[in-house]
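The structure under discussion appears below in the form of structure tokens.
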Amino acid sequence: MSLTSVPKPISGPSSYLDDRIGAGNFLKRNLRKVFPDHWSFLLGEIALYSFIVLLLTGTFLTFFFKPSMEHVIYDGSYDALKGVGMSAAYASTLEISFDVRGGLLMRQMHHWAALLFIAGMMVHMLRVFFTGAYRKPRELNWIIGVIMLSLALFEGLTGYSLPDDLLSGAGLRITEGVAISLPLVGTWITFFLFGGEYPGEDIIARFYSLHILLIPGVLLALISAHMILMWVQKHTQMPGKGRTNNNVVGAPFYPAFMAKAGAYFMFTFGVIALLGTFAQINPIWLFGPYTPADISAGSQPDYYMGFLEGSLRLMPAWEINVLGFTLPLSVIIPALVPLGIVMTGLALYPFIEQWVTGDRREHHVADRPRNNPHRTAIGMAGITFYGLLWLLGANDEISWTFHVSLNWTTYVGRVLVFVGPVITYIVTYRICLGLQRSDAAVIGHGVESGVIKRLPHGEYIEVHVPPAEDIEAHMRGKEPIPVVSGADTEPNGIPPKGLRGPIGKLKAKMSKAYGGEKIPLDDGHGHGPAHDDAGEHAAVGATDDKSITH
């Protein structure tokens, strides 16, 4: 290349680096990597960019925060607390808020970024779940995401407790109650965390080390692994014209996606900065320093821990006393069971679905949620379960605001937390079938053209025209959900080896209910049979239980 030629966007930088470190081919290949263009794929970017803001603002705060429970007398700028005894951690947080230039803005941006980080992870995981983007070959990336969400919740808990104010202290007291209720190891875990009897002298320093070193380091490693796997495995794409499991339709990483990602980062940063400037959050000076004897009315944790608060409030006062030992079920069950159901269910679902359907193919085209109604209904039932627990975490506020009995609020919540997910499952399933019928009607009849036509016998009708090519391709991306063949399709009624016995029969029944074509897309009339096993099923071969034919 001559010195006077203008370097191209890719060839210029790659040639420069290739001449020095031999990375030209690597850069050319990866800078041309194609990313699909769909708004839902940017939900995960919110979590990533919020994490970057968390690192930046958190680094600023570490220069001024003192992670110590040493007792001091406050003598700072906030007159209402002058002369009040408090921990050095709380005093330094007040100093950051009132005396450090930009300190309050950094504190509030840090808190808002933490909320947005966890919210972004939750919404991103819901997108992945409802579109089936966790399927082979992305099961490992899905597990990494579940671990990251679990760590993010604990990271939020440790950071929430650091200011040592009255509100965070109340949450820390609940944490201590949960830890000490664990059978056999509870006392030892509590003494290890707190350095002795509650509240001890070490909990703030230990949470500080976890909050700024250990958990962020693990999260950073997991995020890096998550991004590398996504890069290597290529991004999923929504069904549409020309989109298959063997290609990716979209724009190259450089310059299109890089420019869009840069703008989206600045937009996310700007939103967090505006929230930190105009939306007050966690005003610790109004709560006062933490003392174990005090508690404020209406105390609520951050939203991501609200479902655990709700489960604790709904649980009856059950306990078991055996041989002089007490097992407080009223704490153990609500603290461990809801979180265990949600996280364990998320981690195992890709493998359970693979076992039920027998589908071991690679999937690079995402599903529309309506086209897998059972999966969508299960996801909505989980959201309802989580949402009801989250809502009932404020049962005292609900009771006070709407002037209803606190006891009745609790009783109704105990019923709804079991009945609500079931109702949601049924309603969501029926909605998905209705949306599938709507798609079949569009394919079978077309769409309204707005042209009214009079027939020879005097009847007026609206003329229908075929749907737009891209819309039709989007709808026709639907595939039947694979089904493991059972005894009803085998010669002589003998099921394959993998479907024998109680477990095998259960698998066959679950597969028949979960999979199959619910509403045929090309029935010619825009409507299909509503029962679950309508249409032709995609069957897994009876001999090897792996090959799939449609």
Side-chain angles (χ1 to χ4, degrees), residues 111-112 114-115 118-119 122 153 156-157 160-161 163-181 198-199 275 279-319 326 328-342 380-428:
H111 203 132
W112 277 114
L115 300 184
I118 297 178
M122 289 180 173
L153 295 179
L157 173 65
Y160 181 79
S161 304
D164 201 27
D165 59 284
L166 186 58
L167 181 60
S168 67
L172 196 59
R173 182 62 164 174
I174 295 175
T175 303
E176 185 263 348
V178 171
I180 204 171
S181 69
Y198 180 87
L275 287 171
Q280 178 174 271
I281 189 170
N282 200 25
I284 60 163
W285 53 89
L286 299 181
F287 308 144
Y290 176 66
T291 55
D294 295 334
I295 184 66
S296 58
S299 298
Q300 301 293 329
D302 281 337
Y303 77 90
Y304 49 84
M305 300 299 290
F307 77 107
L308 291 177
E309 176 83 5
S311 63
L312 285 166
R313 295 188 182 204
L314 291 181
M315 185 68 190
W318 294 350
E319 66 179 30
T326 299
L329 299 179
S330 56
V331 178
I332 296 175
I333 291 178
L336 301 182
V337 172
L339 188 62
I341 291 175
V342 173
M380 290 304 300
I383 292 174
T384 302
F385 176 72
Y386 173 91
L388 286 171
L389 289 178
W390 174 83
L391 180 66
L392 270 301
N395 63 346
D396 53 344
E397 294 288 345
I398 295 173
S399 176
W400 181 82
T401 302
F402 296 100
H403 305 288
V404 295
S405 168
L406 178 61
N407 288 336
W408 276 107
T409 303
T410 304
Y411 299 149
V412 171
R414 290 173 181 172
V415 175
L416 284 179
V417 78
F418 292 102
V419 176
V422 176
I423 295 175
T424 301
Y425 181 94
I426 296 172
V427 172
T428 303

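- Here M122 contributes atom CE and Y303 contributes atom OH; the two are 5.5 Å apart, rounded to the nearest 0.5 Å.
- Across S311 and P334, no two heavy atoms sit closer than the pair OG-O, 2.8 Å.
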In a table with atom names and distances, give each donor-acceptor pair under 3.5 Å that connects a side chain of residues 281-291 to protein atoms at least two apart or in another chain.
{"unit_1": "Y290", "atom_1": "OH", "unit_2": "Y198", "atom_2": "OH", "d": "2.6"}
{"unit_1": "T291", "atom_1": "OG1", "unit_2": "D294", "atom_2": "OD2", "d": "2.6"}

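- When side chains are defined from C-beta on, L308 does not count as touching L153, because their heavy atoms never get closer than 4.5 Å.
- Counting heavy-atom neighbours within 6.0 Å of Y411 OH, excluding the residue itself, gives a total of 12 or less.
- Rounding to the nearest 0.5 angstrom, the gap separating the CG atom in L314 from the CD atom in E309 is 10.5 Å.
- Scored by the side chain to side chain donor-acceptor pair (under 3.5 Å) test, Y425 finds H374 as partners (sequence neighbours excluded).
- Among pairs with a residue in residues 381-399, those fulfilling salt bridge (Lys or Arg N to Asp or Glu O under 4.0 Å) read R313-D396, at least two apart in sequence or across chains.
- For L157 against Y304, the heavy-atom pair with the smallest separation is N-OH, 4.3 Å.
- Residues passing the side chain to side chain contact (heavy atoms under 4.5 Å, CB included) test with I423, sequence neighbours excluded: V419, V427.
- Scanning both residues, S330 and P316, for their nearest heavy atoms gives CB-O, 3.2 Å.
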For residues 171-180, which side-chain N or O atoms pair as donor and acceptor with protein atoms under 3.5 Å away, sequence neighbours left out?
{"unit_1": "R173", "atom_1": "NH1", "unit_2": "E176", "atom_2": "OE1", "d": "3.4"}
{"unit_1": "T175", "atom_1": "OG1", "unit_2": "G171", "atom_2": "O", "d": "3.1"}

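- We find the CG-CG distance between L167 and D164 to be 12.0 Å, quoted to the nearest 0.5 Å.
- To the nearest 0.5 Å, the span separating OG1 on T424 from CG on L388 amounts to 7.5 Å.
- Looking at T326, its side chain never comes within 3.5 Å of a backbone N or O of P328 through a donor-acceptor pair.
- For residues 409-418, no residue pair satisfies the salt bridge (Lys or Arg N to Asp or Glu O under 4.0 Å) rule, not counting sequence neighbours.
- Closest approach of P301 and Y160 over heavy atoms only: CA-OH, 3.9 Å.
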Practice prompt. Might you work through the side-chain contact (heavy atoms from CB on, under 4.5 Å) test for D302 and I118, ending with a clear yes or no?
Written response: CA-CA 11 Å; D302 281 337; I118 297 178; over 6 Å; no
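- The structure places OG1 of T384 at 10.5 Å from CG of L416, a figure rounded to the nearest 0.5 Å.
- Note: F402 CZ to T409 OG1 = 10.0 Å, rounded to the nearest 0.5 Å.
- The heavy-atom pair separating A381 from P421 by the smallest distance is CB-O, 3.5 Å.
- Nearest heavy atom pair, residue W112 against residue A279, reads NE1-O, 3.1 Å.
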